[in-house]
Structure formats: structure tokens, C-alpha cells
Amino acid sequence: MSSVERPELSAVPETALWTLWQRAVEARRPDAVLRDPKAVDLVERIDYPFAERFGTSGSQSQFQALRVACFDREVADFLAREPRGTVVCLGEGLETQYWRVDNGRAHWLTVDLPEMVALRERLLPPGPRRRYLAADATDLRWADEVDHDRAVLVTTQGLCMYLPPAQVKALIAGCADRFPGGSMVVDAVPRWFARLTMSGKMRTAAYQVPAMPWAMDAGERDKLRTASPAVTAVRDVRPTGGRGLLGALLPLALTAPWLAAHRPSVTVLNFAEGPEAA
């Protein structure tokens with residue numbers, strides 16, 4: 001079997017290659033803010049013009065790594081509390097979080113589009129505690145595949161911004177109803193960034209960023225409670241660390257009122273333990 005993969009993905013699934021590339025660029029640095037040898041290995045095994053297509057930007061790769069680290073921290077905290085819990089990764093693409101934070105006892109379920117799951121199965125074959133399901137993440141029938149006797153954390157890293165707002169709300173509500181006592185980690189781009197993608201202005205010389213119809217300024221995170229009465233708490237997850245100019249500016253971006261309110265965000269939603277009255 002050939003060790004080189006030549007993927008041909010449609011617009012949104014192709015973003016999995018973009019995020020993989022950003023993690024690998026950062027991970028190759030001796031002072032990396034995210035250690036991800038699996039991402040470096042995947043880039044070396046995939047025949048794709050990563051640099052030509054996406055460019056190489058140290059600040060961009062570091063920014064993406066800091067975002068990913070927010071998810072890692074939340075998953076690691078969940079597994080510390082619930083070592084045999086289930087992590088459900090919606091729209092995971094070629095994320096390699098399992099290899100960064102797995103505790104050796106948890107169960108993992110990836111739900112992604114068929115073309116993405118097929119590629120992931122070839123590059124990152126499933127294991128005894130890792131299952132892949134080819135399905136639309138917005139079709140909540142995948143929830144039937146989750147063991148409800150275990151604590152559940154749902155992640156939607158790099159997914160919701162590509163969905164219509166009504167689908168994002170329905171996805172949150174569906175997870176809140178199906179996983180009482182569980183939680184969900186959602187990331188969002190700010191509205192100004194989404195407008196640039198919708199107008200086609202987010203691009204490199206060779207790559208057009210897909211439109212992002214759903215956006216949320218960080219200052220709006222409490223609105224996520226309106227998705228369902230079963231959403232009982234909303235918590236901001238702030239990036240930490242960083243180096244160079246980005247590291248120096250990060251505290252300002254998190255505290256200066258306008259910047260803090262209009263930055264990209266990662267948010268944890270907690271779900272009620274039982275059915276909530278409407």
C-alpha cells in the first residue's frame with residue numbers, strides 16, 4: 001500500500017488540510033506553542049501543495065495553534081474528571097487531538113462527511129477506542145451511536161462557522177437534549193471576519209477561504225443560551241501563552257474592551273442534568 005495520499009476534497013472539507021498545515025508549520029518550530037508530531041507526519045505523507053496553496057505564515061500558524069490548544073485544554077480537563085468518558089468530535093477533519101491528549105481509557109467518536117471519513121480512515125485508521133462515523137453532523141441520528149452511560153463532551157472545532165445560523169442553533173439544542181449533564185465546545189469567528197469570507201475577500205494567491213455564514217463576536221457568547229433551555233452555563237475559553245509580537249499583543253486582545261468583544265472565541269456550553277421545562 002502506498003504511503004503517499006493524494007486527496008481531492010471539496011471546498012469545506014479541504015479546510016481540514018488548511019488547519020492540518022497550520023498545526024504542522026507551528027509544530028516544526030523548536031519553540032512551538034503546540035506539540036503535534038502526528039500533524040507533521042501527516043503533512044509528509046500527503047501529496048498536496050500545502051505551502052503553495054495556503055502560504056506559510058508564522059503568526060497565522062501560531063494563532064491557529066493557540067486556538068487548538070484551547071480545545072485540547074478543555075478535552076484534557078474533561079478526561080481528568082471523567083477518565084472513561086466519550087469525546088464526540090463533529091467535523092473533525094484531520095485533527096490529531098487524540099494523539100495529544102488521550103488518557104488511554106476514554107472513547108472517541110468522529111462524525112464527519114463521507115469523503116472526509118474515507119480519507120481519515122486511510123491516514124489515521126480507527127482503533128479499539130476510536131470510531132469513525134460517516135454522517136452529516138447536523139443530522140442528530142449520530143447521537144444514537146454514543147454510549148449514554150458515559151459522560152459526554154462534544155467538540156465542534158472548525159465546524160459551526162460553515163453552517164447556517166439555524167443549523168448551529170439546532171445542533172446545540174439537539175446535543176443539549178440528547179446529552180443531559182454533558183458539555184459542548186464551540187468555536188466561532190467574529191462577524192467582521194465572516195463578512196470578509198462571504199464577500200470572497202479572504203484568500204491567498206491560490207486559495208479561497210469558504211464562506212462562513214455563522215459568526216459570533218466573543219461578547220455575544222451568552223446568546224448561545226437561547227439555543228435551548230437545557231443550556232445552563234456558558235464559559236469563555238481564553239488562549240494562553242504565545243511568543244513574539246502575537247504573544248505580547250494577546251493580553252491586550254483579551255482585555256481591551258472592543259478587541260475582547262470582537263475577537264475569535266472558543267466557548268464551553270454546559271447542559272442540564274435532566275429535561276428542562278420549556
Just checking, is any N or O donor in the side chain of H107 or R150 under 3.5 Å from an acceptor N or O on the other one?
yes
Same cluster (ILVMFWY, side-chain, under 4.5 Å), Y132 and V75:
yes
Does Q62 use its side chain to pair, donor to acceptor, with the backbone of R243 at less than 3.5 Å?
yes
Can we say E26 and R35 salt-bridge, meaning some charged N sits less than 4.0 Å from an Asp/Glu carboxylate O?
no
Check step by step if side chain to side chain contact (heavy atoms under 4.5 Å, CB included) holds for R235 and E74.
CA-CA 11 Å; R235 174 168 55 82; E74 288 304 313; 2.9 Å; yes
What's the shortest heavy-atom distance between P114 and A134, and which atoms?
CA-CB, 3.8 Å
Are any of the side-chain nitrogens in R120 or E115 under 4.0 Å away from the carboxylate oxygens of its partner?
no
How many angstroms lie between atom CG of D72 and atom CZ of R67, to the nearest 0.5 angstrom?
10.5 Å
Quick check against the 3.5 Å criterion: does R221 have a side-chain atom that pairs as donor or acceptor with the backbone of A218?
yes
S228 vs D177, test: side chain to side chain contact (heavy atoms under 4.5 Å, CB included). Steps then yes/no.
CA-CA 8 Å; S228 168; D177 292 342; 3.8 Å; yes
Where the side chain of D187 meets the backbone of S265, is there a donor-acceptor pair that is under 3.5 Å apart?
no
When every non-hydrogen atom of M198 is compared with those of A211, the smallest separation belongs to SD-CB, 3.5 Å
Enter the distance from Q22:CD to T15:OG1 here, rounded to the nearest 0.5 Å.
11.5 Å
P210 side chain reached by V12 side chain, heavy atoms, under 4.5 Å
yes
Test side chain to side chain contact (heavy atoms under 4.5 Å, CB included) applied to V68 and R100, step by step
CA-CA 11 Å; V68 169; R100 295 193 302 269; 3.0 Å; yes
Do V266 and V186 have side chains that approach each other closer than 4.5 Å (heavy atoms only, starting at C-beta)?
no
When you measure from the side chain of R29 to the backbone N and O of G58, does any donor-acceptor pair fall under 3.5 Å?
no
Which atoms form the tightest heavy-atom contact between W21 and G55, and what is the distance?
NE1-O, 2.8 Å
Using distance only, find each side-chain donor-acceptor pair of residues 155-174 under 3.5 Å and give its atom names and separation, not counting sequence neighbours.
unit_1	atom_1	unit_2	atom_2	d
T156	OG1	V185	O	3.1

Can you sort out the partners of L259 under side-chain contact (heavy atoms from CB on, under 4.5 Å), two or more places apart, ordered by chain and number?
L252, A256
Decide yes or no for V146 and V152: does some side-chain heavy atom of the first lie under 4.5 Å from some side-chain heavy atom of the second?
yes
Less than 4.0 angstrom from a charged side-chain N to a carboxylate O is my criterion; do K223 and E220 meet it?
yes
Spatial distance of atom CZ (R191) from atom CG (L196) [nearest 0.5 Å]
14.0 Å
If the plane angle is over 60° it's perpendicular, under 30° parallel, otherwise tilted; pick one for Y207 and F54.
perpendicular
Between H148 (side chain) and A143 (backbone), is there a donor-acceptor pair under 3.5 Å?
yes
Would you mind checking if D36 and K38 are paired as a salt bridge, meaning a charged N to carboxylate O distance below 4.0 Å?
no
Return yes if some donor-acceptor pair links the side-chain N/O of T197 with the main-chain N/O of M212 below 3.5 Å, else return no.
yes
Under 3.5 Å: donor-acceptor pair, side chain of R129, backbone of A106
yes
Quick one: do the Y48 and E8 side chains pair a donor with an acceptor below 3.5 Å?
no
May I ask you to decide if P190's main-chain N or O and D217's side chain share a donor-acceptor pair within less than 3.5 Å?
no
Linking I/L/V/M/F/W/Y whenever any side-chain heavy atoms sit under 4.5 Å apart, do V117 and I46 land together?
yes
Does the side chain of W18 reach to within under 4.5 Å of the side chain of Q60, using non-hydrogen atoms?
yes
For the side chain of W108 and the backbone of R131, is there at least one donor-acceptor N/O pair under 3.5 Å apart?
no
Are E14 and R53 close enough that some pair of their side-chain heavy atoms sits under 4.5 Å apart?
yes
Indicate if L34 and V237 have the same hydrophobic cluster label, given that clusters are the connected sets of ILVMFWY residues with side-chain heavy-atom separations under 4.5 angstrom.
no
What distance separates D149 CG from R84 CZ, expressed to the nearest 0.5 Å?
14.0 Å
Basic-acidic side-chain contact under 4.0 Å: R45, E5:
no
Find the distance between CG (L94) and CG (L123) and round it off to the nearest 0.5 Å.
6.0 Å
Side chain proximity check, M116 to L9, heavy atoms < 4.5 angstrom:
yes
Could you check whether R105 pairs with E82 (Lys NZ or Arg NE/NH1/NH2 to Asp/Glu carboxylate O, under 4.0 Å)?
no
Atom of G241, atom of L250 and distance for their closest heavy-atom approach
O-CD2, 3.5 Å
Measuring from R28:CZ to E44:CD, what's the distance to the nearest 0.5 Å?
5.5 Å
Testing the basics here: between P7 and L119, what is the closest heavy-atom pair and its distance to 0.1 Å?
CB-CD2, 3.9 Å
Single-linkage hydrophobic cluster F50~V209, side-chain heavy atoms < 4.5 angstrom
yes
Which heavy atom of V40 sits nearest to which heavy atom of A24, and what is that distance?
CG2-O, 3.9 Å
Are any non-hydrogen side-chain atoms of V231 and L224 less than 4.5 angstrom apart?
no
Would R23 and T96 count as having a side-chain donor-acceptor pair, cut-off 3.5 Å?
yes
Could you tell me whether R130 sits above the aromatic face of Y98, with NZ or CZ closer than 6.0 angstrom to the six-membered ring centre and within 45 degrees of the axis?
yes
In sequence, state the C-alpha distance, the side-chain angles, and the governing distance for D144 and W142, and then conclude on side chain to side chain contact (heavy atoms under 4.5 Å, CB included).
CA-CA 5 Å; D144 296 336; W142 58 259; over 6 Å; no
Answer yes if F63 and L66 sit in the same cluster of Ile, Leu, Val, Met, Phe, Trp and Tyr residues linked by side chain heavy atoms under 4.5 Å apart, and no otherwise.
yes
Between T138 and D136, a side-chain donor and acceptor under 3.5 Å
yes
Heavy-atom check, side chain of V87 versus side chain of L109, under 4.5 Å:
no
Is a side-chain N or O of D112 found less than 3.5 angstrom from the main chain of G93, in a donor-acceptor match?
yes
